[in-house]
Amino acid sequence: MPTDHQTEEIARLLRRTEVEPRTHAFARLAELYRENGDLERALHVVRDGLAHHPHYLAARLVHARVLRELGRTEASRTEFERILAVDAEHPAARAALGRPASTGRPEERWGEAARAAAARRWLTGWSRHGCPAGPRTSLPRLPHRLSPWSRRRPRPSLTSTP
């Protein structure tokens, strides 16, 4: 049985979704329905919302939880896997699938997007400065004639060649 606060919030969210059908409020509305035991209505609301916002992870999480509570374990597992495909360290999805938390190493905390951003930064440094270390490289300095990073031109020789 919903509390007065939940009933008011459901009514407010329903009004909001009527005025603005493509709002992200559908995820909270579905979560409230799920908390109150109205799983079929929650499933209907979250599926309609995901049709417009397929990349909204909070809604995907609600969808997976509703499916799990309806006893559709395989569909729920697939939904949790989708979440982890986007965010490999999503704590709720990892817990739902029984996977241990990360050890805290940066490469485990980073999702695919963060790894891609780090790779872009590294490649940008390479293209701007000629080396991945950037302008202040720790590589040994080469004589200016051999250095690919040198801006100086070799001096012409003073002796003429016959």
Side-chain angles (χ1 to χ4, degrees), residues 1-139 149:
M1 187 73 186
T3 65
D4 290 339
H5 174 69
Q6 288 176 329
T7 305
E8 290 172 12
E9 189 173 2
I10 288 172
R12 183 181 55 81
L13 290 171
L14 283 172
R15 284 191 305 271
R16 184 172 174 192
T17 55
E18 286 173 4
V19 172
E20 190 180 344
R22 291 187 171 220
T23 182
H24 282 97
F26 74 92
R28 178 65 184 148
L29 181 61
E31 180 67 19
L32 285 170
Y33 284 143
R34 184 188 74 81
E35 289 172 1
N36 292 316
D38 195 353
L39 299 176
E40 290 299 328
R41 186 178 286 178
L43 186 62
H44 176 71
V45 168
V46 77
R47 281 190 174 164
D48 285 350
L50 283 172
H52 297 292
H53 304 284
H55 303 292
Y56 188 31
L57 285 186
R60 291 243 168 246
L61 183 63
V62 173
H63 187 224
R65 287 176 175 164
V66 169
L67 289 170
R68 182 180 58 199
E69 290 180 18
L70 284 171
R72 300 178 191 171
T73 55
E74 193 57 39
S76 173
R77 182 175 182 75
T78 303
E79 198 65 38
F80 283 123
E81 292 289 344
R82 278 187 190 162
I83 294 168
L84 290 177
V86 175
D87 181 7
E89 293 303 316
H90 195 283
R94 288 181 71 89
L97 292 175
R99 296 186 182 170
S102 70
T103 60
R105 293 186 304 195
E107 61 272 11
E108 289 182 3
R109 285 194 315 261
W110 292 358
E112 286 298 316
R115 281 194 283 276
R120 276 194 301 276
R121 282 193 301 274
W122 187 80
L123 288 172
T124 302
W126 180 282
S127 65
R128 270 193 211 138
H129 307 294
C131 69
R136 295 187 178 118
T137 181
S138 61
L139 298 174
W149 299 290

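All figures in this text were calculated on a predicted structure; none of them were measured in a lab.
- The two residues Thr17 and Phe26 make their nearest non-hydrogen contact at CG2-N, 4.5 Å.
- The list of salt bridge (charged side-chain N to carboxylate O under 4.0 Å, His left out) pairs with a residue in residues 52-61, not counting sequence neighbours, reads Arg60-Glu79.
- Residues satisfying the side chain to side chain contact (heavy atoms under 4.5 Å, CB included) criterion with Arg68, sequence neighbours excluded, are Arg65, Ser76, Phe80, Ala96.
- When the ring pair (Phe, Tyr, Trp, His ring centres under 6.0 Å) test is applied to His24, the partners found at least two apart in sequence or on another chain are His53, Tyr56.
- Remark: Arg12 pairs with no residue by the side-chain hydrogen bond (donor to acceptor under 3.5 Å, both in side chains) rule, at least two apart or across chains.
- Listed for the Thr23 side chain is no donor-acceptor partner under 3.5 Å among the backbone atoms of Glu20.
- Remark: Glu81 engages Arg77, Leu97, Arg99 in a side chain to side chain contact (heavy atoms under 4.5 Å, CB included) (not counting sequence neighbours).
- In this structure Arg22 satisfies the salt bridge (charged side-chain N to carboxylate O under 4.0 Å, His left out) test with no other residue, sequence neighbours excluded.
- Take Ala95 and apply the side chain to side chain contact (heavy atoms under 4.5 Å, CB included) test, not counting sequence neighbours, and it matches no residue.
- Residues passing the side-chain hydrogen bond (donor to acceptor under 3.5 Å, both in side chains) test with Glu9 are Arg28, sequence neighbours excluded.
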I'd like a table of donor-acceptor pairs (distance under 3.5 Å, sequence neighbours excluded) in which one partner is a side-chain atom from residues 43-50, with atom names and distances.
unit_1: His44; atom_1: NE2; unit_2: Asp48; atom_2: OD2; d: 3.1
unit_1: Arg47; atom_1: NE; unit_2: His63; atom_2: NE2; d: 3.3

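- Every residue was checked against the side chain to side chain contact (heavy atoms under 4.5 Å, CB included) condition with His55, not counting sequence neighbours, and none meets it.
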